[in-house]
Engineer: 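Could you have a look at this structure, given as structure tokens, before my questions?
No hydrogens, no waters, no symmetry mates; every other heavy atom, side chains included, goes into these values.
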Amino acid sequence: CTPDFAAAGAHFNPTMQKHGSENPDGPHVGDLKNIIFDDAGNASYSTTNDRFKVTGTLSNSLLAADGSAIVIHADPDDNETDPSGRSGGRILCGVLMATGVPEPEVSAGPPPAPGGTLNAPKTRVATPELIAGLQVPAGFTITVFAKGLDNVRVMAQHDDVTYVTRRAQGDVIAMRDEDGDGAVEPFIVAATELPLVQGIIITGDQVYLGTPTTIYRGTIQADGTFGELAEFVTGLPASGQHVNSMIAFGPDGNLYVTIGSSCNACNEVNPEHAALLQIAPDGQSRTIFAKGLRNTLGWGWQPETGELWGMDHGSDWRGDDQPPEELNRIEDGNNYGWPHCYGDKQVDRYMPAPPSGMTKAEFCAASTAPVLMYQAHSAPIGMVFYTGEQFPQDYQNGAFVAMRGSWNRADPTGYKVVHIHFVNGQPVEFRDFLTGFLIENQSAVFGRPAGLLVLSDGSLLVADDTNGMIYRISYVGE
């Protein structure tokens with residue numbers, strides 16, 4: 001199998017001791033004997049199709065990773081014996097199959113392409129010189145809106161205050177431009193003790209905050225804080241690999257929340273994983289609106305048509321150029337194919353287990369294909385439709401998408417903001433809008449775009465969750 005280090009994340013051995021790293025470049029990479037490090041610390045690996053019978057003492061070394069693969073450690077695999085997770089010399093990776101189970105479905109044609117490359121560009125500090133090299137289309141200008149904010153993600157505006165969630169810090173910061181110079185300083189922490197908070201929406205004086213399993217509601221106070229937060233929706237499924245949730249109220253008054261997949265590619269047990277949920281306005285009941293969406297973090301309703309559009313992440317370890325990131329028209333009741341298919345209903349031949357009751361080919365034929373596709377591994381993490389009046393007509397009612405950037409591709413991709421051009425309410429093409437974060441011949445980066453927000457004056461904010469920056473893009477004329 002292709003080792004899926006990102007999916008394994010922090011995991012458990014058979015004695016329920018937790019270890020491992022959520023960082024794909026972390027120490028657990030060294031667990032597999034087919035991982036080779038050169039003198040510079042760069043990693044490469046090969047795969048094997050050999051089968052191994054798990055018996056005797058090896059049964060004590062069985063490690064569940066992402067639901068489709070196992071890792072076998074020759075020695076005890078726990079934090080006490082070896083905190084780094086490097087547990088023994090004979091270590092193997094494979095697909096777990098019981099005796100007598102039919103062979104996985106195999107598509108005709110050549111074997112799948114190589115699994116991909118661990119290649120995360122080095123992070124650099126955002127200096128004034130590097131910021132000056134950022135590129136936007138003619139007529140636009142980019143300035144620093146705020147800095148020194150750490151892990152900033154999603155933004156919202158209330159009157160003259162801009163709020164931003166900080167996922168790693170588990171809080172929300174409020175900012176105001178006191179002197180009207182176009183830059184702000186954080187003036188208050190509006191909410192705390194919100195582990196992995198991501199989504200934020202404000203309606204009137206009510207604020208809603210999304211964490212992995214709970215959505216909270218509060219009232220914005222005169223001092224900018226949210227007062228006492230109350231649980232509005234509880235019991236959302238913890239998503240494992242993809243814990244970040246995005247929330248929004250739709251034109252129908254219902255609340256929508258995306259739940260990511262628990263793994264890189266597997267048959268989910270909980271039907272609410274890899275889905276968009278529709279929640280009643282009072283938060284008391286919910287249904288699955290759409291499924292087969294591996295990790296749709298950027299989405300929204302097109303202003304002209306009211307149709308819901310979203311950018312979905314393709315699976316990792318399928319090669320440098322597959323599967324593509326997808327722009328989907330998300331409609332009630334549709335299945336968008338993950339984990340068994342991607343792109344234009346193409347069967348994912350890496351998936352060993354077929355869907356229940358049908359072949360993968362039958363499953364994919366019944367799924368909904370994307371309307372547009374984008375370069376694999378670009379990692380779309382934020383999306384906003386432009387509803388302001390400042391930008392030229394060509395940008396009206398189109399969408400901006402933050403491509404956070406790759407770690408699983410030989411040549412890095414993403415690390416930019418793109419614009420989806422819409423004509424008569426329908427998407428036509430992707431166009432680069434903000435570029436220049438990749439530097440040093442694509443070996444380093446000084447920013448990873450995350451959240452996007454159209455301010456009331458029509459300018460666009462772009463949050464960089466790596467260097468703690470928020471940039472403001474304005475149109476000044478050609």
Engineer: Between Gln206 and Thr219, do the side chains contain an N or O donor and an N or O acceptor separated by less than 3.5 Å?
Structural biologist: yes
Engineer: Would the distance check show the side chain of Ser406 and the main-chain N or O of Arg409 forming a donor-acceptor pair, the cut-off being under 3.5 Å?
Structural biologist: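 Checking the backbone N and O of Arg409 against the side chain of Ser406, no donor-acceptor pair under 3.5 Å is found.
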Engineer: Main chain of Gly458, side chain of Tyr386: is a donor-acceptor contact present, judged purely on distance under 3.5 Å?
Structural biologist: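 The answer is yes, because a donor-acceptor pair under 3.5 Å joins these two groups.
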Engineer: Mind telling me whether Phe400 and Tyr395 have parallel, tilted or perpendicular rings, with 30° and 60° as the class edges?
Structural biologist: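 Answer is parallel, since the angle falls under 30°.
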Engineer: Could you walk me through whether Thr117 and Asn119 pass the side-chain hydrogen bond (donor to acceptor under 3.5 Å, both in side chains) test, one step at a time?
Structural biologist: CA-CA 6 Å; Thr117 304; Asn119 183 21; over 6 Å; no
Engineer: In terms of side-chain heavy atoms, does His340 have a donor or acceptor partner in Asn267 at a distance below 3.5 Å?
Structural biologist: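 The criterion, which ignores hydrogens and geometry beyond distance, is satisfied for Asn267 and His340.
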Engineer: Is it true that Asp465 and Arg166 have a side-chain N and a carboxylate O under 4.0 angstrom from each other?
Structural biologist: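 No, Asp465 and Arg166 are not salt-bridged.
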Engineer: Strictly below 4.0 Å, N to O, side chains only: are Glu185 and Arg176 in salt-bridge contact?
Structural biologist: no
Engineer: Residues in ring-ring contact (aromatic ring centres under 6.0 Å, His included) with Trp338, at least two apart?
Structural biologist: none
Engineer: Just by distance, no angles: are the side chains of Ser459 and Asp457 close enough, under 3.5 Å, to form a donor-acceptor pair?
Structural biologist: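 Yes - a donor-acceptor pair under 3.5 Å links their side chains.
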Engineer: Does one side chain, of Ser367 or Asn335, offer a donor that lies under 3.5 Å from an acceptor on the other?
Structural biologist: no
Engineer: Is the side chain of Arg294 donor-acceptor paired with the backbone N or O of Asn264 at a distance under 3.5 Å, no angle test?
Structural biologist: yes
